[in-house]
Protein chains: 2
Amino acid sequence: MAADPLSRVFSALADPTRRDMVARLAVADATVNELAEPYDVTVQAVSKHLKVLQDAGLVSRTREAQRRPVHLEAEVFDLMTRWIERYRRQAEERYRRLDDLLRSMPDGTEPTPPPQTGAPT
Amino acid sequence: MAADPLSRVFSALADPTRRDMVARLAVADATVNELAEPYDVTVQAVSKHLKVLQDAGLVSRTREAQRRPVHLEAEVFDLMTRWIERYRRQAEERYRRLDDLLRSMPDGTEPTPPPQTGAPT
DNA sequence: ACTGTTGTCAACCGGTAGGTTAAATAGCAG
DNA sequence: CTGCTATTTAACCTACCGGTTGACAACAGT
C-alpha cells in the first residue's frame with residue numbers, strides 16, 4: 001500500500017465506486033450494508049473499499065451497537081486541494097511571465113531564461 | 001484503462017513519481033530525457049509515466065525537431081477541484097445543519113430526523 | 001551514407017488491487 | 001445457550017501497474 005498520504009488519497013479516489021461512496025457519505029452517514037446496496041458487488045468488496053477510504057483518512061467508523069456507521073472526514077480534501085492549487089498557480093504564473101516576456105521583446109532575442117531547478121515533493 | 005476522466009486524473013496523480021514530474025513541469029517544459037534524469041529508472045519507464053499523464057489530459061507534447069517537449073496542461077485540475085469542493089461543501093453544510101438542530105432544541109426532544117445514525121442523547 | 005541522440009513499442013516479470021467464496025467475530029433477541 | 005444480523009478476515013484468482021531489457025523509428029550532424 002502506498003506510503004505517503006497524498007498517494008493514498010489520490011489512489012482512493014481513483015475508483016468510481018469509492019468516489020460514489022464518498023458522494024453518498026457527504027449526504028449522510030451509512031452502514032456497510034446500506035452502502036453496498038446500490039452496487040452489484042458483494043458486501044465484502046464494499047468493506048474492502050471502505051478500508052481503503054479509511055486508510056486514506058477519508059472516512060472514520062464509530063461503533064454503535066452491532067453496526068459500524070461510516071462517517072466522511074472532509075479535512076483530508078485540503079491535502080489534495082493544497083497540492084493542486086500550488087502547481088496550478090505555479091503554471092499560471094509561468095504563462096503570465098511568458099506573456100510579459102513575449103510582449104517585451106518583439107525582436108525575438110533570447111534573454112537566457114532562468115536555470116533549471118530541482119523538484120519539490 | 002479507466003474509462004472516466006476523473007478516474008484517470010486521480011489515478012495518474014496517485015503515483016509520487018508522476019506527481020513530481022507534474023511539479024517540475026509546472027516550472028518549465030522538459031523533454032523525456034530531462035525528466036528522467038533525477039530518477040533512477042529507465043527512460044522507458046518515464047515514457048510510460050508520461051503516457052499516463054497524457055491520457056489523463058495533464059500534459060501535452062509538441063513535436064519540435066527530434067525532441068518532444070512535455071507541457072503541463074493545468075485546466076484538468078479544475079475537474080478535480082470541482083469534484084472535491086462539491087462534496088466538501090456538502091459535508092460542511094451537513095455539519096452546519098446538525099449544529100442548528102442541536103442548538104434549536106435544548107429540551108432534548110427528538111424531532112424524528114431522517115432515519116439516521118448518531119441520534120444525540 | 002553512417003553514427004549518435006531521442007523517444008517509443010513489444011514482451012516479459014513480480015507485486016498489488018479488486019473481485020469472489022467460505023469461515024470467523026461481535027453483538028442483540030429469544 | 002441458540003440463533004440472527006452485521007461486518008471483517010482468510011484464501012484465492014485474474015488483471016493491471018510499474019519496472020526491466022531489447023529492438024525499432026525518426027531525425028541531426030558529420
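Every chain is numbered from 1 and lettered A, B, ... according to where its sequence line falls, protein lines coming before strand lines. Heavy atoms only: backbone and side chains are in, while hydrogens, waters and symmetry mates are out.
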[atom1] of [X] versus [atom2] of [N]: gap in Å, rounded?
| X | N | atom1 | atom2 | value |
| --- | --- | --- | --- | --- |
| Asp29(A) | dA6(D) | CG | P | 18 Å |
| Asp55(B) | dT8(C) | CG | P | 12 Å |
| Arg61(B) | dA26(D) | CZ | P | 16 Å |
| Arg67(B) | dC27(D) | CZ | P | 14 Å |
| His49(B) | dC17(D) | NE2 | P | 12 Å |
| Lys48(B) | dT20(D) | NZ | P | 9 Å |
| Glu64(A) | dA26(C) | CD | P | 19 Å |
| Arg68(A) | dG27(C) | CZ | P | 8 Å |

Please determine whether the number of non-hydrogen atoms from other residues, nucleotides or ligands lying under 6.0 Å from atom CZ of Arg67(A) exceeds 12.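 For Arg67(A), atom CZ is not crowded (no more than 12 foreign heavy atoms under 6.0 Å).
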Can you confirm whether Asp40(B) is buried at CG, in the sense that more than 12 heavy atoms of other residues, nucleotides or ligands lie under 6.0 Å from that atom?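 No - once you tally the heavy atoms of other residues, nucleotides and ligands closer than 6.0 Å, there are 12 at most.
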Any idea how Phe10(B) and Phe10(A) line up, ring-wise: parallel (<30°), tilted (30 to 60°), or perpendicular (>60°)?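 Aromatic pair Phe10(B)/Phe10(A) classed tilted.
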Would Thr17(B) and Asp20(B) count as having a side-chain donor-acceptor pair, cut-off 3.5 Å?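 No, no side-chain donor-acceptor pair sits under 3.5 Å.
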For Thr31(B), report the nucleic acid contact type (base, sugar-phosphate, nothing); a contact means any heavy atom under 4.0 Å.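 Sugar-phosphate: the residue Thr31(B), judged by heavy atoms under 4.0 Å, touches backbone atoms but no base.
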Closer than 4.0 angstrom, basic N to acidic O: yes or no for Asp29(B) and Arg94(A)?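 Salt bridge: yes.
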Would you call Asp55(B) and Lys51(B) a salt bridge, taking side-chain N to carboxylate O under 4.0 Å as the test?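 A salt bridge is present here (some side-chain N lies under 4.0 Å from a carboxylate O).
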Is there, by distance only and without an angle test, a donor paired with an acceptor across the side chain of Gln44(A) and the base of dG18(C) below 3.5 Å?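 No, no donor-acceptor pair under 3.5 Å.
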Does a nitrogen or oxygen in the side chain of [X] sit under 4.0 Å from OP1 or OP2 of [N]?
| X | N | result |
| --- | --- | --- |
| Ser47(B) | dT8(C) | yes |
| Asn33(B) | dG7(C) | yes |
| Arg18(A) | dG18(C) | yes |
| Thr42(B) | dT20(D) | yes |

Shortest non-hydrogen contact from Arg24(A) toward Leu35(A):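 So the minimum-distance heavy-atom pair works out to NH1-O, 2.9 Å.
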Need to verify one output field. Residue with the more 5' nearest nucleotide on DNA chain C, Ala45(A) or Arg63(A)?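 Going by which nucleotide is closer to the 5' end, it is Ala45(A).
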Nucleic acid contacts - residues 5-16 of chain B versus DNA chain C, non-hydrogen atoms under 4.0 Å: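 Here the set is empty: none.
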